[in-house]
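Everything on this sheet refers to the single structure shown next.
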Number of protein chains: 2
Amino acid sequence: MDFSQDLMRGTVVPMVLALLSERAMYGYEIVKVVNARTQGRLEWKEGTLYPALHRLEAQGYLRARWSKAAGGNATSPGETSGAGVSASGGEGGKDRKYYAITRKGKAELARRAEEWRQFSGAVDAVLMGV
Amino acid sequence: MDFSQDLMRGTVVPMVLALLSERAMYGYEIVKVVNARTQGRLEWKEGTLYPALHRLEAQGYLRARWSKAAGGNATSPGETSGAGVSASGGEGGKDRKYYAITRKGKAELARRAEEWRQFSGAVDAVLMGV
DNA sequence: CATTATACCTTGACTGCCTAGGTATGCAAG
DNA sequence: CTTGCATACCTAGGCAGTCAAGGTATAATG
């Protein structure tokens, strides 16, 4: 389903914060995870995510750390299945920028998640019965 | 709660269509009904609604009809105070512009409501557990 | 060696919502 | 009667997040 892009507004931030509260991830990975987790209902573009990531970092909600991709590819984008962690020690890898949520970011997440719940509940209340 | 206004994007149209599928209403009334129905969680401004109404009419989703406010005021929006319903039979009233949903508008409503369900479900899937 | 997937980034345009204003009528209080 | 408030309509200008489209570079694949 092709969503009116307008709906995206304001939801990217809480979603990013929520994902990073589970574990640190890099941008490209976040896009894949969102697309997988929503079963393709959402299709994030990099042009949407990266500016948001930088904004959140500037606001102190995230902290970034460059890191080489370790031997066992942690990505496994398709790889819904087990993802056998090959412990091969190859140190060569592409540069990845891992983002981790800060304490401040967690507080923001709580605020934004609650905001979303209130908001979507309000919309549902009006749409109810349709 | 003061929402990030960004969330509003894309939700005004389905909400308006949903309300008008129940009964014809005029703009000012819609604002009041939304604010009441969401218990103040949403606070629509006229500057938000009127342009949307005009857009929807231009697209053929709504049809407008001017009408004087009949004696018995159908509004009773706030009604917070007693506000004795003066049953004065004056037929003179303020001009109101009643909007009714068209067949085309109903189809659009179905599409948009489903879109909202899919979308909010996807967001919830990511926010789940927060 | 060429192609694809990964992984990062930025610029410019778009568009819908908000702010802040404007007009006019009806009604209640002073 | 006059003042004020709620009703009821409208618009112009600005803002800000998303998208489309482009760019760079490395690793894996055929």
Side-chain angles (χ1 to χ4, degrees), chain A residues 2-16 25-32 42-57 64-71 73-79 86 88 90-99, chain B residues 2-16 25-32 42-57 59 64-71 73-88 90-99:
Chain A
D2 198 21
F3 289 117
S4 131
Q5 71 256 36
D6 295 313
L7 291 174
M8 298 292 304
R9 284 271 190 147
T11 60
V12 170
V13 165
M15 289 173 85
V16 166
M25 296 169 86
Y26 54 98
Y28 194 84
E29 186 185 11
I30 294 176
V31 172
K32 301 296 177 192
L42 262 47
E43 288 178 37
W44 280 15
K45 310 294 160 54
E46 299 177 45
T48 301
L49 181 63
Y50 287 121
L53 244 20
H54 301 156
R55 215 161 49 232
L56 289 169
E57 189 186 4
R65 201 189 79 247
W66 281 98
S67 172
K68 293 276 184 193
N73 76 348
T75 319
S76 59
E79 270 301 279
S86 73
S88 67
E91 75 284 309
K94 278 160 295 193
D95 286 326
R96 289 170 176 173
K97 198 170 177 182
Y98 281 87
Y99 288 91
Chain B
D2 199 20
F3 290 117
S4 128
Q5 71 254 36
D6 294 314
L7 291 174
M8 297 293 304
R9 284 270 191 146
T11 59
V12 171
V13 165
M15 289 173 85
V16 165
M25 295 169 86
Y26 54 98
Y28 193 85
E29 185 184 10
I30 294 175
V31 173
K32 300 296 177 192
L42 263 47
E43 288 178 35
W44 280 15
K45 308 296 160 52
E46 299 176 47
T48 301
L49 182 63
Y50 287 119
L53 244 20
H54 301 157
R55 216 161 48 235
L56 289 169
E57 189 186 5
Q59 292 168 328
R65 201 190 78 247
W66 281 98
S67 172
K68 292 278 183 191
N73 76 347
T75 320
S76 61
E79 269 291 288
T80 18
S81 59
V85 178
S86 73
S88 65
E91 77 282 309
K94 280 161 292 194
D95 286 325
R96 289 171 175 172
K97 198 170 176 181
Y98 280 87
Y99 288 92

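Lettering follows sequence order; numbering is per chain, from 1.
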How many whole angstroms separate atom [atom1] of [X] from atom [atom2] of [N]?
{"X": "B/Tyr99", "N": "D/dA8", "atom1": "OH", "atom2": "C1'", "result": "11 Å"}
{"X": "A/Met8", "N": "D/dG17", "atom1": "CE", "atom2": "P", "result": "13 Å"}
{"X": "B/Asp95", "N": "D/dC10", "atom1": "CG", "atom2": "C1'", "result": "13 Å"}
{"X": "A/Glu43", "N": "D/dA20", "atom1": "CD", "atom2": "C1'", "result": "14 Å"}
{"X": "A/Met25", "N": "C/dT6", "atom1": "CE", "atom2": "P", "result": "14 Å"}
{"X": "B/Leu49", "N": "D/dT7", "atom1": "CG", "atom2": "P", "result": "15 Å"}
{"X": "B/Lys45", "N": "D/dT11", "atom1": "NZ", "atom2": "P", "result": "19 Å"}
{"X": "B/Trp66", "N": "D/dA8", "atom1": "CH2", "atom2": "C1'", "result": "8 Å"}

[X] to [Y] - nearest heavy-atom pair and separation:
{"X": "B/Lys68", "Y": "B/Asp95", "answer": "NZ-OD1, 3.2 Å"}
{"X": "B/Tyr99", "Y": "B/Ala64", "answer": "CE2-CB, 3.7 Å"}
{"X": "B/Val12", "Y": "B/Ala52", "answer": "CG1-CB, 4.0 Å"}

Using a 4.5 Å cut-off on heavy atoms from C-beta on, say whether the side chain of [Y] contacts that of [X].
{"X": "B/Leu53", "Y": "B/Ile30", "value": "yes"}
{"X": "A/Tyr50", "Y": "A/Tyr28", "value": "yes"}
{"X": "A/Thr11", "Y": "A/Leu7", "value": "no"}
{"X": "A/Met15", "Y": "A/Leu42", "value": "yes"}

Contacts of A/Lys97 and B/Arg55 projected onto DNA chain C by closest heavy atom; the upstream (5') one is A/Lys97
Under 4.0 Å: is that the gap between some side-chain N or O of [X] and OP1 or OP2 of [N]?
{"X": "A/His54", "N": "C/dC8", "answer": "no"}
{"X": "B/Arg96", "N": "C/dA24", "answer": "no"}
{"X": "B/Tyr28", "N": "D/dT7", "answer": "yes"}
{"X": "B/Lys68", "N": "C/dT25", "answer": "no"}
{"X": "B/Lys32", "N": "D/dA8", "answer": "no"}
{"X": "A/Tyr50", "N": "C/dC9", "answer": "no"}

Distance check, rounded to the nearest 0.5 Å: [X] atom [atom1] versus [Y] atom [atom2]?
{"X": "A/Arg9", "Y": "B/Gln5", "atom1": "CZ", "atom2": "CD", "result": "9.0 Å"}
{"X": "B/Lys97", "Y": "B/Glu57", "atom1": "NZ", "atom2": "CD", "result": "5.5 Å"}
{"X": "A/Met25", "Y": "A/Arg96", "atom1": "CE", "atom2": "CZ", "result": "11.0 Å"}

Provide a list of protein-nucleic acid N or O atom pairs under 3.5 angstrom, restricted to nucleotides 14-16 of chain D.
unit_1	atom_1	unit_2	atom_2	d
D/dA16	N3	A/Arg9	NH2	3.4

Could you pull out the protein-nucleic contacts involving nucleotides 21-24 of chain D (nitrogen or oxygen on both sides, under 3.5 Å)?
none

